[in-house]
Amino acid sequence: MKILYFAWLRERLDRGEEIVDPPASVRSVSDLIAWLRARDPAAELAMAKPEIIKAAIDARIVSHDTPIAGARVIAFFPPMTGG
Amino acid sequence: MKILYFAWLRERLDRGEEIVDPPASVRSVSDLIAWLRARDPAAELAMAKPEIIKAAIDARIVSHDTPIAGARVIAFFPPMTGG
Amino acid sequence: MGVRIQEAAFDPGAELNAFSELSEGAGAVVTFTGLVRSDPGDPVSALMLECYPELALNQIGAIVAEARVRFGLLDETVIHRYGTLQPGEPIVQVMTLAPHREAAFAGAEFLMDYLKTDAPFWKKEATAQGKRWVEHRDADDKAKDRWR
Amino acid sequence: MGVRIQEAAFDPGAELNAFSELSEGAGAVVTFTGLVRSDPGDPVSALMLECYPELALNQIGAIVAEARVRFGLLDETVIHRYGTLQPGEPIVQVMTLAPHREAAFAGAEFLMDYLKTDAPFWKKEATAQGKRWVEHRDADDKAKDRWR
């Protein structure tokens, strides 16, 4: 699956996207954040407060307990400042 | 002094303005309305409900108890429907 | 600040662009454009707008000055037409410029609520059944009263 | 109905004129134009707007559909830019068309409140002290909550 990062999350990770292949035990968005943090010190720091990070699956905003099975694109980003 | 009439008041009186010279006993806007009604059957009807008629002295809106001494132009009109 | 009472048509977009020239500290422009409304179930063929221009300038000037202080506006313009207008034509345009959107919206709504009840214009509609004066709406008084 | 996410500049007045073409039963157009704001005491030399376009179209499309039903709007358009913008440049424009002013104002305010918190854009300001991400404002959450 493809992961997208936006704003300061993208900057701190020094990448806007990456392809990952998490194991089957990674079931929810929360699980995915924990797995991404465990495999990368930059992600460990950038995502240290998961509660302030928002997520979208296939361009729909989701809560962190949403299953990721079947997802093609998962995006992570800080609170939005549009308008 | 000059009197101006607007909207349906102007139509019912069939005039937009007139010059009048009321006696000294006509002190307030209320007095003027009563005097105008007494001298003209069309005004008697058109101004039959003074409470719904608004007044302005020299292009400033005033209440009916305002003295008219020194006024150059007094306007009468129904509630406004601008905007 | 600008108040214009005119018989001539105006161009809403050109007015907006002229109004929102670069102004330091400005972040929000709100534009209200009022159009001659024709109800599909009771069509209006024309709207006659009568006006007392001297009083309109005094009344609108006072409302605009109050709005500027009350909402901290950076600029504001009111354009109001009189004469005979066709359905769909712009009657009135109010524009407010402010640092943030809350003030720009509140200023424009405040100005419109006051124009409806305090600006000396009177509307007469031409319909298939003849001509009729538009009645003053109690809802407009209530809208104005919320700013007290 | 229209939602446009674009890097190119737009002309606020031309957009307003194109939007308010004759529409039967329409009496009110409200236009909100958001400008890149530079505080005189802490000037901004440029604003970088990052965007997730697919999510923006979904989010704004849903908000616009809700606004249309909730306020009985006849039409509405949202234009939102991304990329690098200069102070004073238009970032966003929201336009609503309705029979009466109350609905047009409420619809435009509702759309702006939701765009601030729910549209996937992130602002970064360039200042004399360097670049900084604009913080999400709690006041924007509160503004949105009043529509619940």
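Residue numbers start from 1 in every chain, and the chains themselves are labelled A, B, ... in the order their sequence lines are given, proteins ahead of strands. Side chains are part of it too, since the values below use all heavy atoms of this structure and drop only hydrogens, waters and symmetry mates. Everything numeric in this text was worked out from a predicted model, so none of it was measured.
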Residues, nucleotides or ligands: over 12 heavy atoms within 6.0 Å of [X] [atom1]:
| X | atom1 | answer |
| --- | --- | --- |
| B:Arg39 | CZ | yes |
| B:Arg72 | CZ | no |
| C:Lys124 | NZ | yes |
| B:Asp14 | CG | no |

Point to revise | Residue pair B:Thr81, C:Trp133: steps toward the side chain to side chain contact (heavy atoms under 4.5 Å, CB included) verdict | key: CA-CA 9 Å; B:Thr81 54; C:Trp133 289 99; over 6 Å; no

Exercise for review: Measure the CG-CG distance between B:Leu4 and C:Leu55 for me, rounded to the nearest 0.5 Å.
Suggested key: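 Those atoms lie 10.0 Å apart.
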
Review point. Would you call C:Glu54 and B:Arg60 a salt bridge, using N to O less than 4.0 angstrom?
Key: no

Review point. Which pair of heavy atoms, one from C:Tyr52 and one from B:Ala75, lies closest together, and at what distance?
Key: CE2-CB, 3.4 Å

Review point. Is chain B contacted by the side chain of C:Gln93, its backbone, both, or neither, given a heavy-atom distance below 4.5 Å?
Key: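 Looking at C:Gln93, nothing touches chain B.
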
Review point. So do C:Glu50 and B:Glu11 actually touch side chain to side chain, heavy atoms under 4.5 Å?
Key: no

Check your understanding: Short question: side chain of C:His80, backbone of B:Gly83 - any donor-acceptor pair under 3.5 Å?
Key ->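 Such a contact is found between C:His80 side chain and B:Gly83 backbone.
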
Study note, to complete from the structure: Assert top hit (heavy-atom pairs under 4.5 Å, partner chain C, pool B:Pro79, B:Ala56, B:Pro78, B:Ala7) equals B:Ala7

Exercise for review: Given side chain to side chain contact (heavy atoms under 4.5 Å, CB included), test C:Trp122 with B:Met80 step by step and report yes or no.
Suggested key: CA-CA 6 Å; C:Trp122 299 273; B:Met80 299 169 265; 4.0 Å; yes

**Study point:** For chain B, which residues of residues 95-116 of chain C have heavy atoms nearer than 4.5 angstrom
**Key:** C:Met112, C:Leu115, C:Lys116

